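Everything below concerns the one structure shown next.
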Amino acid sequence: ARRIVVLISGSGSNLQALIDAQRHDRLCGEIVAVISNEPDAYGLKRALEADIEAVALPHREYDSRDAYDGALIKVIDRHEPDLIVLAGFMRILTPRFVQRFLGKMLNIHPSLLPAYQGLNTHARALADGVKQHGCSVHFVTEELDGGPVVLQAELNVSSDDTVDTLKEKVHAREHLIYPIAVQWFLQGRLKYSTESATMDGHPLPPHGMR
Ligand code: GAR
């Protein structure tokens, strides 16, 4: 089976969606380790609960970003993953790290990329009064939240939405689409090559599948 390593920083609800997908035979792969830069992340408990190796690797114990990413590479390499899944991993990665896993690292982001890269996506979308919002799964490249998009879920913003309601709606969509995109990758249907992505050999549209 293909081997998956998941990186988290927090609650790990996307990790849970992947664990549930694996449990229901919707992933032709196995989550072999979960690594968190925050030792108290609830997601580590979810991993243990599912009998998955849970590793806390606190970034505060390292002097530089490069030293941390070096340590992270070592831990990841030990597990010989086919795929690295970023699931709410709230750290900017060094170019060395990104290059090391280029083409085999996916991220989920709470916006319809390329709109609202970075943080506080829901508040910014609300402030702009956009009618559509959502989430995106993309390959990770050196450009922050800028790698080729694979899959998006779109939702309508209603006039009474708040940051909290929007966040909740987006989360529900994330839990639907991330296991699908991960499964595509595991099946070998999804490929990355020089700043673009293909699905079954066909180039994906700029916004990915929707
Ligand atoms: C998710 O909404 C994910 O899109 C976001 O963090 C949340 C993690 O939730 N990621 C980013 O903002 C990446 N920059 P979870 O820990 O419950 O999966």
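In what follows, every heavy atom counts, from backbone to side chain, and hydrogens, waters and symmetry copies are set aside. This is a predicted model, so every value here is computed, not measured. Atoms within each ligand, like the ligands themselves, are counted from 1 in listed order.
Side-chain atoms of Q152 and S136 include a donor-acceptor pair closer than 3.5 Å. Under the 3.5 Å distance criterion, with hydrogens and angles disregarded, no donor-acceptor pair is assigned to the side chains of H109 and H138. Y116 and D128 share a side-chain donor-acceptor pair at under 3.5 Å.
Closest to atom 5 (C) of ligand 1 among all protein heavy atoms lies P110 CD, 3.9 Å. With hydrogens left out, the protein atom closest to atom 17 (O) of ligand 1 is S13 OG, 2.5 Å, a heavy atom. Given atom 6 (O) of ligand 1, the protein heavy atom at minimum distance is G88 CA, 3.7 Å. The protein heavy atom nearest to atom 3 (C) of ligand 1 is E174 OE1, 3.5 Å.
Side chain of R96 to main chain of D66: a donor-acceptor pair is present (N/O by atom type, distance under 3.5 Å, no hydrogens or angles).
Taking every heavy atom of H171 and a limit of under 4.0 angstrom, the matching atoms of ligand 1 come to 1 (C), 2 (O), 9 (O), 15 (P), 17 (O).
Using a 4.0 Å heavy-atom cutoff, G12 is listed among the residues neighbouring ligand 1. Note on ligand 1: I108 sits in its first shell, one or more heavy atoms being nearer than 4.0 Å. Using a 4.0 Å heavy-atom cutoff, M90 is listed among the residues neighbouring ligand 1.
Taking each heavy atom of A56 and P39 in turn, the nearest pair found is CB-CA, 3.9 Å. Nearest heavy-atom pair, L15 versus A87, reported as atom, atom and distance to 0.1 Å: N-CB, 4.3 Å.
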